[in-house]
Every structure is written in structure tokens, then in C-alpha cells.
> 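What follows is a structure written as C-alpha cells; I'll ask about it next.
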Amino acid sequence: MTTLERQFAQTVAEQKSTIYTVCYMFSQDADEVNDLFQEVLVNLWKGFENFEHRSDIKTWIYRVALNTCISIDRKKKRRQATARLTMDINLFEDRDEDTRQVDMLHKRISKLQPFDRAIVLLWLENLSYEEIGQIVGISTKNVSVRLFRIREQLKQMSND
């Protein structure tokens, strides 16, 4: 294993939860989340050697993960819908009140446009407005305005 490969493996190990969190915001299907995760890893590897450390590694990883997931989400919406085979059973499904609340929030967030989903995800990760702006490429003030509008939009959504 080369030094670059070891550095990449260590970075992925340290940032795995960040990558997974981004992927989870774009799908609730475990297989699809894993596919997104793999695609993000491929894109991170492609750019890893050229990463110049002008920003924090976590900021770069967020940006690559978000861009990858948004791109795949757009392609998915362009494709014709197909029927998925499911067993309609989840042995690990938890139905307490907290789980229902989280589930409802996730469903509402998934109805947002990909860019807004990305901003909410970063905000839920407790990143500062400045960090969010750096990752998605907008001003700190614009992050504040967009989050306000997103919150209002989420409040107006039904529980469907």
C-alpha cells in the first residue's frame, strides 16, 4: 500500500460518518445509500491526490459528497421510474415517538430541492453559517436567508 493509499484510507475512516450522513439525506433505501457512498469514495479518490489543503479536509469531503449525491439525484429523476421489489417488512423498525418525529422530519427534508437539502444537512451537522457557505459556495448572509426560508417551507409541509 502506497503512502497516498494509506492517507486516503485514514481520511475515509475519520470522515466515514460525514460521508454516510450526506448519502442518507439523499435516500432512505440502504442499498441506494451504500451505492451513493461508494460513488462518493470513487470521486474522493479521483481528487485526493490533487487536494491542495486550501480548505479543511472535512469541507472538501462535504463538497465532493454533496456534489456527487446531487448529481446522482438529478440523473435518477431524469430516468423513467421503475418498480422496486420489497419485502414490506423491516425487522429493525422502531416505532416510538422519537423515531416517528425523526422519520417525519426526514420525509419533509427529502421533499426539498437538493441544494436546500444540502444546506439543512450541514446545519443539522452543527456547522457554522460560514462553513456552510464555504461548502456550498454562497455567502454567510445567503445561508442565513436560505435557512429561514427552508424552515418556513418545512413548517408548511404536510405529514404525507
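Each residue takes its place number in the sequence, starting with 1. The structure displayed is predicted, hence computed values, not measured ones.
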> With sequence neighbours left out, what residues match Thr11 under side chain to side chain donor-acceptor pair (under 3.5 Å)?
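With neighbours one apart ignored, the set is empty.
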> Which residue pairs pass the side-chain hydrogen bond (donor to acceptor under 3.5 Å, both in side chains) test when at least one of the two sits in residues 135-150, sequence neighbours left out?
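Counting only pairs at least two positions apart or across chains, the side-chain hydrogen bond (donor to acceptor under 3.5 Å, both in side chains) contacts touching residues 135-150 are Asp116-Arg146.
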> Give, for atom NZ of Lys107 and atom CD of Gln28, the distance between the pair rounded to the nearest 0.5 Å.
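The distance works out to 7.0 Å.
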> Could you tell me whether a side-chain N or O of Asp73 sits under 3.5 Å from a main-chain N or O of Cys69, the two making a donor and an acceptor?
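A pair under 3.5 Å: no.
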> Restricting to non-hydrogen atoms, name the atom on Ser27 and the atom on Glu32 that form the minimum distance, rounded to 0.1 Å.
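The pair with the smallest heavy-atom distance is OG-OE1, 2.6 Å.
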> Distance check, rounded to the nearest 0.5 Å: Gln15 atom CD versus Gln10 atom CD?
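The distance works out to 10.5 Å.
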> If hydrophobic clusters are built by linking Ile, Leu, Val, Met, Phe, Trp and Tyr wherever their side-chain heavy atoms come under 4.5 Å apart, do Ile72 and Val40 end up in the same one?
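Per the 4.5 Å side-chain linkage, Ile72 and Val40 are not co-clustered.
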> Consider only side-chain heavy atoms of I, L, V, M, F, W and Y, link residues closer than 4.5 Å, and tell whether Ile61 and Val33 are in one cluster.
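Linked within one cluster.
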> Taking everything shown except Glu130 itself, do over 12 heavy atoms lie less than 6.0 Å from its CD?
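Not buried by this count: 12 neighbours or fewer within 6.0 Å.
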> Provide the full list of ring pair (Phe, Tyr, Trp, His ring centres under 6.0 Å) pairs with a residue in residues 31-52, sequence neighbours left out, each pair given once.
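Those involving residues 31-52 are Phe8-Trp45, Phe8-Phe48, Phe51-His53, Phe51-Trp60.
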> Does Tyr62 form a side-chain hydrogen bond (donor to acceptor under 3.5 Å, both in side chains) with Glu125? I'd like the steps, not just the answer.
CA-CA 11 Å; Tyr62 266 122; Glu125 288 286 311; 3.2 Å; yes
> Please, which pairs that meet ring pair (Phe, Tyr, Trp, His ring centres under 6.0 Å) have at least one residue in residues 106-144, sequence neighbours excluded?
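Counting only pairs at least two positions apart or across chains, the ring pair (Phe, Tyr, Trp, His ring centres under 6.0 Å) contacts touching residues 106-144 are Tyr24-His106.
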> Taking atom CD1 of Ile109 and atom CD1 of Ile119, what is their separation to the nearest 0.5 Å?
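CD1 of Ile119 is found 12.5 Å from CD1 of Ile109.
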> How about Glu131 and Thr59: do any of their side-chain heavy atoms sit closer than 4.5 Å?
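No, side chains not in contact.
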> Say you draw a straight line from CG of Asp31 to CG of Leu36; how long is it, rounded to the nearest 0.5 Å?
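Rounded to the nearest 0.5 Å, the CG-CG separation comes out at 11.0 Å.
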> Please indicate whether Arg6 has more than 12 foreign heavy atoms, meaning atoms of other residues, nucleotides or ligands, lying under 6.0 Å from its CZ.
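More than 12 heavy atoms, drawn from other residues, nucleotides or ligands, come within 6.0 Å of this atom.
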> Check side-chain contact (heavy atoms from CB on, under 4.5 Å) between Lys155 and all other residues, then give those that pass, not counting sequence neighbours.
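In terms of side-chain contact (heavy atoms from CB on, under 4.5 Å), with neighbours along the sequence ignored, Lys155 is linked to Glu152.
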> Step by step, would you call Gln38 with Val42 a side chain to side chain contact (heavy atoms under 4.5 Å, CB included)?
CA-CA 6 Å; Gln38 290 299 317; Val42 167; 5.6 Å; no
> Are Leu122 and Leu66 packed together at the side-chain level, in the sense that at least one heavy-atom pair is separated by less than 4.5 angstrom?
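They are in side-chain contact.
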> Would you check if Thr68 and Val22 make a side-chain contact, meaning some heavy-atom pair closer than 4.5 Å?
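Not in contact.
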> Out of curiosity, Ile19 CD1 to Leu44 CG, how far, rounded to the nearest 0.5 Å?
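Output value for this atom pair is 5.0 Å.
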> To the nearest 0.5 angstrom, please state how far the CD atom of Gln134 sits from the CG atom of Leu127.
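CG of Leu127 is found 10.0 Å from CD of Gln134.
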> State plainly whether one hydrophobic cluster holds both Ile132 and Ile70, where clusters connect Ile, Leu, Val, Met, Phe, Trp and Tyr through side-chain heavy atoms under 4.5 angstrom apart.
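In one cluster: yes.
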> So Asp29 and Asp35, do their side chains get closer than 4.5 Å, heavy atoms only?
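They are not in side-chain contact.
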> Under 4.5 Å between side-chain heavy atoms, hopping through other hydrophobics if needed: is there a path connecting Phe26 to Leu41?
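In one cluster: no.
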> Among residues at least two apart in sequence or on other chains, which ones pass side-chain contact (heavy atoms from CB on, under 4.5 Å) with Thr2?
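Thr2: side-chain contact (heavy atoms from CB on, under 4.5 Å) contacts with Leu4, Glu5.
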> Same cluster or not: are Leu124 and Leu112 linked, directly or through other Ile, Leu, Val, Met, Phe, Trp or Tyr residues, by side-chain heavy atoms under 4.5 angstrom apart?
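Same cluster.
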